[in-house]
Amino acid sequence: MAIGISYIISLLILFGIYAIFALGLNLEWGFTGILNFGHVAFFGIGAYSTVILNQMGVPIYIAIVAGIIIAGLFGVLVALPAMRLRGDYFAIVTIGFSEIVRYFMLNEEWLTGGPLGLRDFDIPLSFVPSQYYNIAMLILVLALLALTYLILKALINSPWGRVLKSIREDEDVSKALGKNVFRYKIQSIALGSAIAGLAGILLAFNHKYLNPNYYMPLITFYAWIIVILGGSGNNKGTILGALIFWTFMSLTRFSPGYLPISSTDLGALRMVIIGLLLIVLMMYKPEGLLGNKEELKLDI
Amino acid sequence: MIQQLIFGIVTGSIIALGAIGLSMIYDILDLVNFAHGDFMTLGAYLTFLFNVSLNLNLILAAALGIILTGVISLILDKIMWKKLRDKGAGSITLLITAIGLALVIRNLIVFQWGGSNVGFDLPLSQNLNFHGIMISTSGVLTVVVAALLMIALDLILRKTKIGKAMRALSDNKNLARITGINVDNIILWTWGIGTSFAAVGGVLYGLNTVIRPDMGWFLLLPIFAAVILGGIGNPYGAMVGGLIIGISQEMSTIILPSSYKIAVSFVILILVMLIKPEGIFGEK
Amino acid sequence: MKDNNVLEAKNLVAGYTDLDILNGVSIELKEDEIVSIIGPNGAGKSTLLKSIFGILKPRKGKVIFKNEDITGLKPNKIVKKGMSYVPQDKNTFPSLSVRENLEMGAFIKEDGTKEKINEILTKFPDLKEKENQKVSKLSGGQRQMVAMGRAMMLDPDALLLDEPSAGLAPNLVDEVFQKIEKINKTGTPILVVEQNARKILSISERGYVLEMGENRLEGKGKELLNNEEVEKLYLGG
């Protein structure tokens, strides 16, 4: 049997979206050492903001920009009080925040449509004939992935990026050098959250539909697995990680026909394997595939 | 109002049982055990296995399920956590590993028992009714069992050599090591007690509501709040913290939609972290 | 002259990460002795104790204890061989009572703990009064007594003390030093690192002066006390 070309295209779209999403996390964790366990919240906030604004009559392209900015602002809003906390506390607070955001989406039907979610919103590229829509979407996603990658590359090689790296390596040294560590961390999480917002918006366009279930805490861990697999602090590694991750996800999703196993069971087994992968990576290769062992300091 | 208070004490007892183990493990192993809630789930499902699939009576089934959960945590220490400790892995490495473990446990449960709710094989019980205030028998059982276990833990910590060594380890791990305390052994005891308490909490949760694969995950956030409220490493603080969180969650339903219960514990968590991060009983 | 070596360090080289702090230090501790190690900050005094006790793994050299090579053994093994160590700070379990602290000192023993605790408490009458109090409520001097009492629970064949007088008020310092002498009189050899060179040398059989991680001088306690160089460098003229 032949794997349909459309199947590969939809896989690549998801790969691109999650690569962008994970690049945002890598900026925060890999380059700044911020232990954000609520990344998915900004994924959802970006998507919901754009869709709600659009449904209120804001033109879609303006709504996209607004959604990205709102996601970034929420990043600042969470980080302002929480950034003073220890790393492990920050992780707990952010994961809690992402759950609160999800409860909000589920409960505030007047705004979010509740468990039924939102549909009927404008989609960019709607001028493209429907048989070519997916390929156009893929091109858009990959272009935005390339753009995100290049912007991050330029930023990380700028003086700003070097400060971030020094914060990751030794916060006390950067403090002693007179850098306002707090401000740099806030900037990093703002940008990382905005990038997550962009990824979320793209996912909404891909599904043409929004639903609170897309924003389970598990999605944050997808990003973590992608970043750690590729190597924390390595953007090329993150993109490679996303590719491996989605290939694995779709291969196992694709096999029900060949294995004597139900799709629920298969989904569960897939997550067991991902969990085991995370454990094995932490035990034997915490620096990931492309990470630099010398440079990596997982515990700061 | 009194009704909510009673629900709150029941919920709080379950949260406290989870919080005790999380707090001790957090402190002694420097591990934020994101898999702790899933041990609660595992305890409930193993009890379900013995009770419903193997037809044992519920008390025997619960005893087996709880002990087995404790034993699994000991095996995991041997094959995972000890190796990471010996490598000098720091708290963030341990935390990410715990997330991996949480995924493994939860999804093995889904794989084995499916994603839908299950329940124990229970004789029909009548709710006690005091002038319109309802108290279920399982609720009474929950509070009694939790209270007995907490008294037992207090005795262990104050009267036994192992318990005193646990407190010593929580004070100063390096000194414990150079004093000759068998640190690895005490860590195993901590896992055993902490995880079996969590499993008891899971079984009691199942008695009061239903058993589902994500129940432990949803208990985890209130448990974190209880641990931080009571001060990390303070089992007594965890007990009080659990009750405060449970009662606040249930009381909040008077003014908020009940789906925001968890948000209440989250707000308490944030406030404690910002105002008194060492917990309400902390001395540091 | 007593010449039975209980503990001997030969040419120890040790340090943290890539930096050596000890560059080949040798010392001996004989039966019934108090031996002091003095020297300026950064001379490697504490590092020496840590490498003897296995907290730090020596890169080169040997540690011989009771005619047995214990180089590189972990502290929990060394405790079982009969050596006790009292670190400079954080040397008690603050949330445990005095009695419980002592009990932890005998963790590796199966029985006889109660009798031993009572014996130690009679040696430290101040602690006897506070035996059920949390150590965090005690004064600095009392805490130092608890730490030494805990180390004595196993009747060690050698006791290592790291700056027992650090951070104590002058009157308490004397008390701690009297206790050190008293413990030694009951037959325990003691190796002690001290900043307070004059006081420790006056109760020591012998002393070593370390400098830059090397042996600088050694001799009888009284001799070092009267040595001009020592006087000028460490006794404040």
Side-chain angles (χ1 to χ4, degrees), chain A residues 29 33 35 37 78 81-82 84-93 95-104 106-108 114-115 216-218 220-221 224-225 227-228 232 261-262 264-284 286 297-300, chain B residues 26 30-32 34-35 76 79-80 83-84 87-112 114-116 213-214 217-218 220-222 224-225 227-228 232 256-263 265-267 269-274 277:
Chain A
W29 162 244
L35 211 53
F37 271 39
V78 175
R84 295 169 205 282
L85 302 171
R86 298 178 355 201
D88 49 352
Y89 281 20
F90 189 81
I92 297 169
V93 167
I95 204 170
F97 172 74
S98 75
E99 281 292 80
I100 304 277
V101 167
R102 194 168 64 86
Y103 293 134
F104 185 87
L106 272 173
N107 288 299
E108 303 303 318
M216 301 288 268
L218 187 63
T220 299
F221 300 135
W224 273 92
I225 290 158
V227 167
I228 290 171
S232 306
I261 192 170
S262 79
T264 322
D265 285 357
L266 193 65
L269 275 187
R270 186 165 59 217
M271 294 324 295
V272 170
I273 293 172
I274 286 177
L276 284 174
L277 175 72
L278 206 48
I279 294 171
V280 169
L281 276 174
M282 284 296 107
M283 287 180 75
Y284 303 105
K297 280 191 189 156
L298 212 47
D299 292 288
I300 39 176
Chain B
Y26 201 152
D30 207 14
L31 161 63
V32 189
F34 268 90
L76 287 171
I79 61 174
M80 254 171 74
K83 288 194 175 144
L84 283 160
K87 280 187 185 174
S91 60
I92 292 169
T93 309
L94 296 178
L95 187 158
I96 296 172
T97 313
I99 286 170
L101 179 62
L103 289 178
V104 172
I105 297 176
R106 198 177 318 154
N107 288 289
L108 281 177
I109 288 171
V110 174
F111 182 72
Q112 179 61 39
S116 17
D214 59 358
W217 173 255
F218 287 102
L220 192 61
L221 201 61
F224 271 129
V227 167
I228 299 207
I232 293 169
L256 286 174
S258 69
S259 43
Y260 279 121
K261 266 189 214 174
I262 283 196
S265 60
F266 179 70
V267 171
L269 175 72
I270 299 260
L271 288 178
V272 177
M273 281 179 171
L274 291 174

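Residue numbers begin at 1 in each chain, while the letters A, B, ... track the order of the sequences. Note that the structure is a prediction, hence the values are computed from the model and not measured.
For B/I109, no part lies near chain A; criterion is any non-hydrogen pair under 4.5 Å. Contact annotation for B/L95: only side-chain heavy atoms (C-beta onward) come within less than 4.5 Å of a heavy atom of chain A. Within the 4.5 angstrom heavy-atom criterion, no atom of B/P257 approaches chain A.
The aromatic rings of A/F37 and B/F34 sit tilted relative to each other, their planes meeting at an angle between 30° and 60°. Ring orientation note: the planes of B/F218 and A/Y103 are tilted relative to one another, at an angle of 30° to 60°.
With values rounded to the nearest 0.5 angstrom, B/K87 atom NZ is found 6.0 Å from A/M283 atom CE. Here the CG-CD1 distance, from A/L35 to B/I96, works out to 6.5 Å after rounding to the nearest 0.5 Å. Interatomic distance, CD1 of B/I99 versus CD1 of A/I95, reported as 6.0 Å (0.5 Å rounding). Taking CZ of A/R86 as the start and CE of B/M273 as the end, the distance is 8.0 Å to the nearest 0.5 Å. Here CH2 of A/W29 is found 4.5 Å from CD1 of B/I92. Values are rounded to the nearest 0.5 Å. Taking CD1 of A/I92 as the reference point, atom CG of B/L221 lies at 8.5 Å (rounded to 0.5 Å).
Heavy-atom pairs under 4.5 Å with chain B peak, among A/L269, A/L106, A/T264, A/L218, at A/L269. Of the residues considered (A/D265, A/L85, A/I228), A/D265 shows the highest number of contacts with chain B, using heavy-atom pairs under 4.5 Å. For the set B/N107, B/I262, B/L84, the count of heavy-atom pairs under 4.5 angstrom toward chain A peaks at B/N107.
Checked options A/L278, A/L276, A/I273, A/I274; the residue passing with B/V104 is A/L276 (criterion: side chain to side chain contact (heavy atoms under 4.5 Å, CB included)).
In this structure the side chain of B/F111 never reaches within 4.5 angstrom of the side chain of A/V272, judged on heavy atoms. The shortest side-chain heavy-atom distance between A/Y89 and B/I232 falls under the 4.5 Å cut-off.
Pairing each heavy atom of A/P81 with each of B/L274, the nearest pair is O-CD2, 3.3 Å.
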